[in-house]
Amino acid sequence: MLEGKAVVEDTDMPAKMQAQAMSAASRALDRFDVLDCRSIASHIKKEFDAIHGPGWQCVVGSGFGCYITHSKGSFIYFRLESLRFLVFKGAAA
Amino acid sequence: MREQQGSGDVAGRRGGVIRSLLGVERRLAEGDAEGAVGVSSGKQPATEGGGGGGGEERKAVVRVVAADMPPALQRRAFRCARDELAAMPHFPRRLEPKRLALALKKEFDAAYGPAWHCIVGTSFGSYVTHARGGFLYFSVDKVYILLFRTAVEP
């Protein structure tokens with residue numbers, strides 16, 4: 001499937017890391033069905049744990065709200081296709 | 001839709017962190033969770049539910065999908081979630097996920113220390129790393145709630 005462009009809604013994250021989050025989401029959507037939110041979230045979280053150290057969290061879906069505490073410089077919320085993605089680090093490594 | 005985020009300088013991390021894949025069905029060791037009636041598969045509906053419930057005041061049905069949390073904390077989460085949902089508009093019924101997430105996170109941060117995170121909705125999946133004993137995924141009627149804790153240095 002061809003993905004559209006991701007749109008950042010809110011972030012506290014360096015630009016390079018933002019790009020990594022959105023490209024990880026694109027790759028996950030290539031690999032998993034759009035309804036398989038858990039696998040998509042798993043893919044993204046594991047990639048971030050591998051690249052940037054442990055403690056990352058990922059939520060994917062079309063209908064959710066949340067309230068979290070994140071480490072400084074490690075939060076992004078963006079839209080891609082029909083889904084919304086939240087990636088953040090809950091505890092610094 | 002803008003998320004309310006509290007920014008925190010959380011430095012360091014203790015051990016005892018467990019990975020938990022949502023959707024894995026686990027039965028509670030303790031069977032005394034208040035209001036918990038069995039364990040469902042936790043499959044999320046694909047769309048937002050818009051149906052209005054009946055006019056009767058009845059106790060909301062709480063189902064625990066997966067948990068790694070002491071029973072007392074679970075009961076507190078159930079009570080807090082029920083109270084907040086009951087206070088939300090009923091006609092037309094409207095879910096305010098951020099309000100519920102905020103209430104739960106604030107209560108647990110205050111009662112049990114930081115850092116708690118709460119996700120509320122009708123259609124989402126997630127993959128998280130949580131502190132030991134700090135994970136609860138449950139539903140109240142058709143609303144799914146994920147509450148978990150990440151370990152921080154005191």
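Numbered from 1 within each chain, the chains take letters A, B, ... in sequence-line order. Just the heavy atoms: all of them, side chains too, but no hydrogens, waters or symmetry mates, feed the values below. Remember, predicted model here, so these are calculated numbers, not experimental data.
- What you find for A:Phe64 and B:Ser123 is that their closest heavy atoms are CD2-O, 4.4 Å.
- B:Tyr112 and B:Leu147 fall within the same hydrophobic cluster, defined by Ile, Leu, Val, Met, Phe, Trp and Tyr side-chain heavy atoms under 4.5 Å apart, directly or through other members.
- Of all non-hydrogen atoms in B:Ala101 and A:Tyr67, the two that sit nearest each other are CB-N, 3.6 Å.
- The shortest non-hydrogen separation linking A:Gln57 to B:Thr129 is OE1-N, 2.8 Å.
- Qualifying ring pair (Phe, Tyr, Trp, His ring centres under 6.0 Å) partners for A:Phe48, counting only residues two or more places apart in sequence or in other chains: A:His52, A:Trp56.
- With sequence neighbours left out, A:Gln18 forms a side-chain hydrogen bond (donor to acceptor under 3.5 Å, both in side chains) with no residue at all.
- Closest of all the heavy-atom pairs between A:Gly63 and B:Phe124 is O-CD2, 4.3 Å.
- Just one of B:Leu100, B:Val120, B:Ile119, B:Leu146 meets the side chain to side chain contact (heavy atoms under 4.5 Å, CB included) condition when paired with A:Cys66; it is B:Ile119.
- Residues A:Thr69 and B:Ala115 share a closest heavy-atom pair of CB-CB, 4.3 Å.
- Considering all non-hydrogen atoms of both residues, B:Thr150 and A:Gly90 come closest at OG1-O, 3.1 Å.
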